[in-house]
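All remarks here apply to the structure that follows.
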Number of protein chains: 2
Amino acid sequence: MPLTLEDIARISGVSRSTVSRVVNGGDKVNPQTRERVLEVIRQWNYQPNAAARRLAAGRSDTLGLLIPAGAGAAFEDPYFSQVIRGVAAACSRRDYALTLWLTDPEREPRVLRRLAANNLVDGVVVSYTLADDPIVGELRRGNLPFVLIGHAPDPAINAVALDNVEAARVAVRYLLERGYRRIGIIMGAPNQIDAQDRLRGFTEVLEQAGVFDPTLLAEGDFLEEGGYSGMRLLLPRRPEAVFAANDLMAVGAYRAIQEAGLSIPADVAMVGFDDVPMAAQLHPPLTTIRQPMYTMGQLAVERLLEILRDPRQPPRQILLPPELVVRQSA
Amino acid sequence: MPLTLEDIARISGVSRSTVSRVVNGGDKVNPQTRERVLEVIRQWNYQPNAAARRLAAGRSDTLGLLIPAGAGAAFEDPYFSQVIRGVAAACSRRDYALTLWLTDPEREPRVLRRLAANNLVDGVVVSYTLADDPIVGELRRGNLPFVLIGHAPDPAINAVALDNVEAARVAVRYLLERGYRRIGIIMGAPNQIDAQDRLRGFTEVLEQAGVFDPTLLAEGDFLEEGGYSGMRLLLPRRPEAVFAANDLMAVGAYRAIQEAGLSIPADVAMVGFDDVPMAAQLHPPLTTIRQPMYTMGQLAVERLLEILRDPRQPPRQILLPPELVVRQSA
DNA sequence: ACCTGTTGTGGGAGCGCTCCCAAACTGCTT
DNA sequence: AAGCAGTTTGGGAGCGCTCCCACAACAGGT
C-alpha cells in the first residue's frame with residue numbers, strides 16, 4: 001500500500017497540513033521542519049495521490065490534446081506526429097501529464113463534455129483542421145481553458161498557427177519569380193480549413209499576376225494517394241509548376257510525374273507544404289513551406305499554461321511567419 | 001458548477017447509492033427507477049467526476065503509454081506514430097482515456113513510480129526498444145499491470161511483438177533465393193534490442209549458407225542519416241544486396257545509392273524493415289518486412305484490459321509472424 | 001506588564017464518489 | 001397471522017488530499 005500524507009506526517013512528527021505545505025512548495029514552513037519532512041519523503045519514496053489531489057484541489061496537472069483527425073487515415077500525415085511530439089515534450093518539461101484523444105470528429109463533442117465536467121484535465125490543446133468544426137463553439141460555450149493549434153479563426157480565441165494564406169502566397173510568388181506561369185495546385189481535402197486557406201493564397205496571387213487558370217486546379221485529400229491522382233489529372237494540362245497543399249501529396253505527385261517519364265523540376269517544378277522530414281529525402285529534394293509543427297505544439301502548451309496561471313489574460317493569437325525552404329524541386 | 005451524484009439523486013427523488021448503481025450499470029435496480037434516473041441524467045447532462053471516482057474506487061479508466069524513445073530524434077521514425085495510433089484507437093473504442101509519456105530513458109523510472117503510486121493509470125503499455133532497459137525490472141518489482149510492446153524478453157512477461165530474429169531470417173533467405181550472395185546490412189542503433197535481434201537473424205542465415213562476410217556490416221542508427229552514411233561505407237565493398245534494419249535507413253541508403261549513380265535493384269538490391277507508409281512510395285517501391293505497428297498497439301491494449309479484468313491470468317506473449325512484402329527493390 | 005503583529009503549526013471540513021451493511025418492501029409459504 | 005427469502009433502496013464511512021481558520025510561540029513597541 002502506498003503511503004499517504006498522513007503517514008508521512010506521523011513518521012516525521014508533524015501534522016498533515018505541514019507535510020502538505022512542504023510537498024506543495026508551501027510558503028510558511030520552518031526550514032528545519034521542511035528539511036526533516038523532505039528527508040522522510042525521500043526515504044520512504046512518498047508520492048502524493050493524484051486522484052485525491054485532483055478531487056480536493058480541482059486541479060489535475062494534466063493537459064489534454066484533442067486531435068479530431070481521428071485514428072483514421074489522416075493520421076498518416078507526419079503533421080500530427082510532430083504536433084504530438086511538441087506538445088508531449090512541453091508537458092513533460094513542465095511536469096504535466098498529457099492525455100491524448102484521437103477521436104473521430106463526430107465523437108469529439110462527447111469527449112469534450114466529458115473532459116470539461118470532469119476535471120480530468122486543466123486545459124486542452126485542440127488541433128483545429130476541420131472547417132466549421134463545431135468544436136470551437138463547444139469550447140467557447142464551455143469553460144475549459146483551451147488553445148487551438150493549426151488555425152486561428154478569431155482574435156478572441158487563443159491559437160497557435162501559421163498564416164496559411166500568406167504561406168501559400170509566398171510559395172506561389174516564388175514560382176512566379178522563377179519564371180513559371182502555368183502554375184497548378186493539388187488542393188487539400190476540401191473540408192480542411194488549411195486546404196481552403198492555401199487555395200485562397202494561391203488563387204489570389206495568380207489572379208493578381210493575371211495568370212490564374214482554373215483548369216489547373218486539382219482536388220486532393222492531403223494524402224499520398226490524392227497527390228498521385230491529382231497530378232495525373234494535371235499532367236495532360238501541361239503545368240510548368242505545381243503547388244501541392246502538403247508534402248505528403250507532393251510525394252504522390254512525384255510518383256505520377258516520374259511514372260510519366262518526366263523530370264522534376266525540368267518538366268514540372270514542385271513546391272510542397274509542411275517540410276516533413278521526408279521532404280529533404282525526395283529526389284530531387286522538395287522545395288517547401290516549413291510549418292514548425294513541433295514548435296507549434298510547444299508554444300500551444302506554453303500558452304495554455306499561461307492562461308491557467310492567469311485566466312483573465314486577454315486572448316492571443318500566435319501567428320508564425322511562413323518560411324520557404326528552397327531545395328531542388330523548384 | 002457541474003452537477004454531482006447527490007444532485008441527480010435529489011432531482012430524481014432517490015438516493016445517492018441508487019444513482020451510483022444506475023450510472024455503473026448496477027445490477028439491482030428497479031427498471032422503472034433506473035429509467036427515471038437515466039432520464040434525469042440525460043436531461044441535465046450529468047457527467048460523473050472522474051477524480052472522485054478514482055479516489056473512491058482506486059480505478060481510473062485510464063491507460064498509460066510509455067515511450068522511452070523520448071521526444072528525441074528517434075521519434076522521427078513512423079514506427080512510434082503507428083504504435084500511438086493503434087493504442088489510442090483501442091483505448092478510445094473501449095472508452096478508456098490514454099495518458100501519453102514520451103520520456104527520455106533516464107527519466108522513465110521516475111515517471112513510472114509516479115504512475116504506479118498514484119493510481120493515475122490502471123495499467124500501462126510500454127514500448128520496449130532499448131536493450132537492457134532497466135524499466136522491465138522496475139515494472140516487475142512494481143505492481144502496476146503492464147504489457148510490453150516491440151520486444152518480448154521473457155515468457156513470464158506480457159508482451160506483443162514481432163519475432164525480429166525470424167523476421168530478419170526471412171528477409172535474408174529471400175535475398176539468398178534471389179541469387180544474391182554478397183549481402184550487407186545496415187544495422188540499427190546498437191543499443192536497441194530490435195537492432196540486435198535483426199542482426200542475429202541476418203548473421204545466422206548467412207553463416208549457415210557459408211556466405212557471411214563481416215566487412216559487409218555497417219553501423220546505423222535507425223534514422224535516415226545513418227542509412228545514408230552506412231550505405232556510403234558499404235558501397236565500395238560492392239554488396240549485391242543490402243538489408244536495412246528499418247525502412248527509414250533504407251530511405252537514406254537509396255539516397256546514397258542513387259547519388260553514386262547506381263540503380264536499385266540492378267546494382268544493389270534493398271530490403272527494409274517495418275513497411276512504413278513511405279516504403280511503398282520510394283523508387284523503386286521498397287521490398288520490406290511488414291511490422292504491424294498499429295495492430296500491435298491495439299493488441300497490447302486488448303491484452304492489458306484482459307489482465308485488468310482478471311489479474312491472475314498467466315502471462316502471455318503475443319508473437320506476430322513476420323511477413324515479407326515483396327515490391328521492386330529486391 | 002500589556003497589546004500587536006508575525007511566523008509556524010494543527011486539525012476540521014469537505015471535495016464527489018464507491019462500498020458495504022442495514023432497512024424497507026415485496027410476494028409467498030406455512 | 002406470522003415468517004421468510006429475495007429484491008430494492010438508503011445512508012454511513014472513508015478514499016487522500018487541500019483549504020481555511022484557529023491557535024501557539026515569540027518578537028518588538030508602548
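Letters A, B, ... are given to chains in the order of the sequence lines, protein chains preceding strands, and every chain is numbered from 1.
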Looking only at side-chain atoms of B:Ser20, point me to the closest of C:dT9, C:dG8, C:dT18.
C:dT18
Is any side-chain N or O of A:Tyr46 closer than 4.0 Å to OP1 or OP2 of D:dG16?
no
Roughly how many Å is it from CZ in B:Arg53 to C1' in D:dG16, rounded to a whole number?
19 Å
Validation row: B:Met296, B:Gln291 side chains within 4.5 angstrom (heavy atoms)
yes
side-chain contact (heavy atoms from CB on, under 4.5 Å) partner of A:Leu66, the single match among A:Ile135, A:Val125, A:Leu100:
A:Ile135
Is it true that A:Arg303 and A:Glu306 make a salt bridge, defined as a side-chain N closer than 4.0 Å to a carboxylate O?
yes
Decide yes or no, distance alone: a donor-acceptor N/O pair under 3.5 angstrom between the base of D:dG10 and the side-chain of B:Arg21.
yes
Does either side chain, that of B:Asn30 or that of B:Arg36, offer a donor lying less than 3.5 Å from an acceptor on the other one?
no
Using a heavy-atom cut-off of under 4.0 Å over every strand shown, decide if A:Ser17 touches base, sugar-phosphate, or nothing.
base
note: B:Arg59, atom CZ; C:dT18, atom C1'; distance rounded to Å ~ 9 Å
Expressed as a whole number of angstroms, how long is the span from B:Asn30:CG to D:dG6:P?
19 Å
Euclidean distance, atom CG of residue B:Asn24 to atom P of C:dC19 [Å, nearest integer]
7 Å
Nearest-Å distance, CG (A:Asp61) to C1' (D:dC17)?
13 Å
Distance check, rounded to the nearest 0.5 Å: B:Ser127 atom OG versus B:Ile149 atom CD1?
7.0 Å
Can you check whether A:Thr33 has a side-chain N or O nearer than 4.0 Å to OP1 or OP2 of C:dT9?
yes
For A:Leu5 and D:dC17, what is the distance between atoms CG and C1' respectively, to the nearest whole Å?
6 Å
Candidates C:dG10, D:dG10, C:dC17 - which lies nearest the side chain of B:Thr18
D:dG10
Integer-rounded Å distance: D:dC17 P and A:Glu6 CD
9 Å
At less than 3.5 Å, do the side-chain atoms of A:Arg16 and the base atoms of C:dG12 form a donor-acceptor pair?
yes
Protein-nucleotide distance (B:Leu120, atom CG; D:dC17, atom P), rounded to Å
13 Å
Is any side-chain N or O of A:Ser15 closer than 4.0 Å to OP1 or OP2 of C:dG10?
yes
